[in-house]
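The next block holds one structure in the form of structure tokens; read it before the comments.
All of these numbers come straight from a predicted model, not from anything done at the bench.
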Amino acid sequence: MRMFASLILWIMMSLTVLAVGVDEKRLANPADEARAQEIMKQLRCLVCQNQSVVDSDAGLAKDIRIIVRERVALGEDEATVLKYMTDRYGDWVLLKPPFDGATVILWLSPALLVLIGFFLVYRNMKSRKLAAVAPLSDDEKARLDALLNDGGKE
């Protein structure tokens with residue numbers, strides 16, 4: 001029985017060699033394929049969250065990879081392919097969207113959050129400084145001495 005289980009396990013592991021990667025059809029020219037891969041790394045999967053089309057298994061990502069390969073095979077450069085994709089899907093398809101009026105908050109929000117953090121720390125430190133205990137006046141010292149000498153009886 002143990003020998004049979006080992007044989008089944010060996011056969012199943014051997015079949016994984018026949019497994020197909022994400023894409024069956026790649027470009028014949030390795031340089032074009034590498035260029036297509038670089039372009040695909042810049043494109044966001046429209047189904048998955050913040051995942052490039054290279055890493056995604058979604059059907060739409062597969063379609064986008066096919067389109068990119070077709071465009072690269074036609075001899076289009078990176079900018080032209082990215083322009084085609086943004087015309088078709090909008091700036092959302094880019095993992096690194098351009099800096100313009102529509103994305104200014106997206107680009108500046110990290111710096112704004114850091115500035116807000118610095119402001120909050122500064123304000124907190126300033127309020128602590130103001131809340132420092134002022135020294136006792138002569139009347140308060142005399143009253144405190146009286147309380148301590150009387151054993152807390154007033």
Side-chain angles (χ1 to χ4, degrees), residues 12-13 16-17 19-154:
M12 290 177 70
M13 290 177 65
T16 60
V17 173
V20 178
V22 174
D23 293 326
E24 296 174 8
K25 238 179 147 181
R26 294 182 175 248
L27 294 173
N29 185 349
D32 286 345
E33 180 62 26
R35 202 160 51 95
Q37 290 284 330
E38 285 301 315
I39 293 170
M40 289 185 275
K41 287 178 185 174
Q42 299 175 43
L43 298 173
R44 176 190 319 268
C45 175
L46 300 173
V47 177
C48 309
Q49 288 191 350
N50 210 17
Q51 193 175 25
S52 73
V53 293
V54 172
D55 301 328
S56 176
D57 293 334
L60 184 58
K62 184 177 179 181
D63 293 342
I64 290 173
R65 289 192 298 267
I66 290 170
I67 292 170
V68 169
R69 285 191 175 105
E70 287 173 355
R71 296 281 172 176
V72 168
L74 291 173
E76 292 183 0
D77 63 349
E78 179 179 324
T80 306
V81 175
L82 291 176
K83 172 89 171 88
Y84 174 81
M85 297 307 288
T86 54
D87 288 346
R88 190 168 182 173
Y89 297 108
D91 287 339
W92 175 253
V93 77
L94 299 174
L95 280 172
K96 186 177 176 185
F99 184 83
D100 58 16
T103 60
V104 68
I105 291 177
L106 174 71
W107 281 101
L108 296 180
S109 60
L112 288 174
L113 290 175
V114 168
L115 289 175
I116 289 170
F118 280 130
F119 172 74
L120 291 175
V121 168
Y122 171 75
R123 197 176 82 182
N124 188 17
M125 291 176 67
K126 189 176 179 181
S127 67
R128 282 186 180 184
K129 203 177 213 179
L130 291 176
V133 178
L136 297 176
S137 66
D138 291 337
D139 291 339
E140 291 171 333
K141 285 181 183 175
R143 188 170 173 218
L144 180 62
D145 287 339
L147 286 172
L148 291 174
N149 290 335
D150 290 342
K153 299 176 187 173
E154 197 171 327

Contact summary for Ser56 and Ala58, nearest pair of heavy atoms: OG-N, 3.1 Å
Roughly how far apart are Leu46 CG and Tyr89 OH, rounded to 0.5 Å? 6.5 Å
Counting only heavy atoms not in Leu113, do more than 12 sit closer than 6.0 Å to its CG atom? yes
Working to the nearest 0.5 angstrom, can you tell me the gap between Leu27 CG and Gln37 CD? 9.0 Å
Which heavy-atom pair separates Asp55 from Gln51 by the least distance, and what is that distance? O-NE2, 3.3 Å
Which residues pass the side chain to side chain contact (heavy atoms under 4.5 Å, CB included) test with Tyr84, not counting sequence neighbours? Ile67, Arg71, Arg88
I need the Arg44 CZ to Leu95 CG distance, nearest 0.5 Å. 5.0 Å
Lys83: side chain to side chain contact (heavy atoms under 4.5 Å, CB included) partners, not counting sequence neighbours: Asp87
Beyond-backbone contact of Ile105 with Leu112, side-chain heavy atoms, under 4.5 angstrom: no
State, with a plain yes or no, whether a side-chain heavy atom of Val114 is found less than 4.5 Å away from one of Phe119. no
Residues passing the side chain to side chain contact (heavy atoms under 4.5 Å, CB included) test with Arg35, sequence neighbours excluded, are Asp32, Val72
Residue pairs, two or more places apart or on separate chains, that pass side-chain hydrogen bond (donor to acceptor under 3.5 Å, both in side chains) and touch residues 101-128: Asp100-Thr103
Residues at least two apart in sequence or cross-chain that pass side chain to side chain contact (heavy atoms under 4.5 Å, CB included) with Leu136, listed by chain then number, are Glu140, Lys141, Leu144
Student check: side-chain heavy atoms of Leu60 and Cys45 closer than 4.5 Å: no
Gap separating the CE atom of Met85 from the CD1 atom of Ile64, nearest 0.5 angstrom: 4.5 Å
Partner residues of Glu33 under the salt bridge (Lys or Arg N to Asp or Glu O under 4.0 Å) criterion, sequence neighbours left out: Arg26, Arg69
Could you grab the distance from atom OG of Ser137 to atom CZ of Arg143, nearest 0.5 Å is fine? 10.5 Å
Look up atom OG in Ser52 and atom CG in Leu94, then write down how far apart they are to the nearest 0.5 Å. 12.5 Å
Among Val68, Thr86, Leu74, whose side-chain contact (heavy atoms from CB on, under 4.5 Å) with Val81 holds? Val68
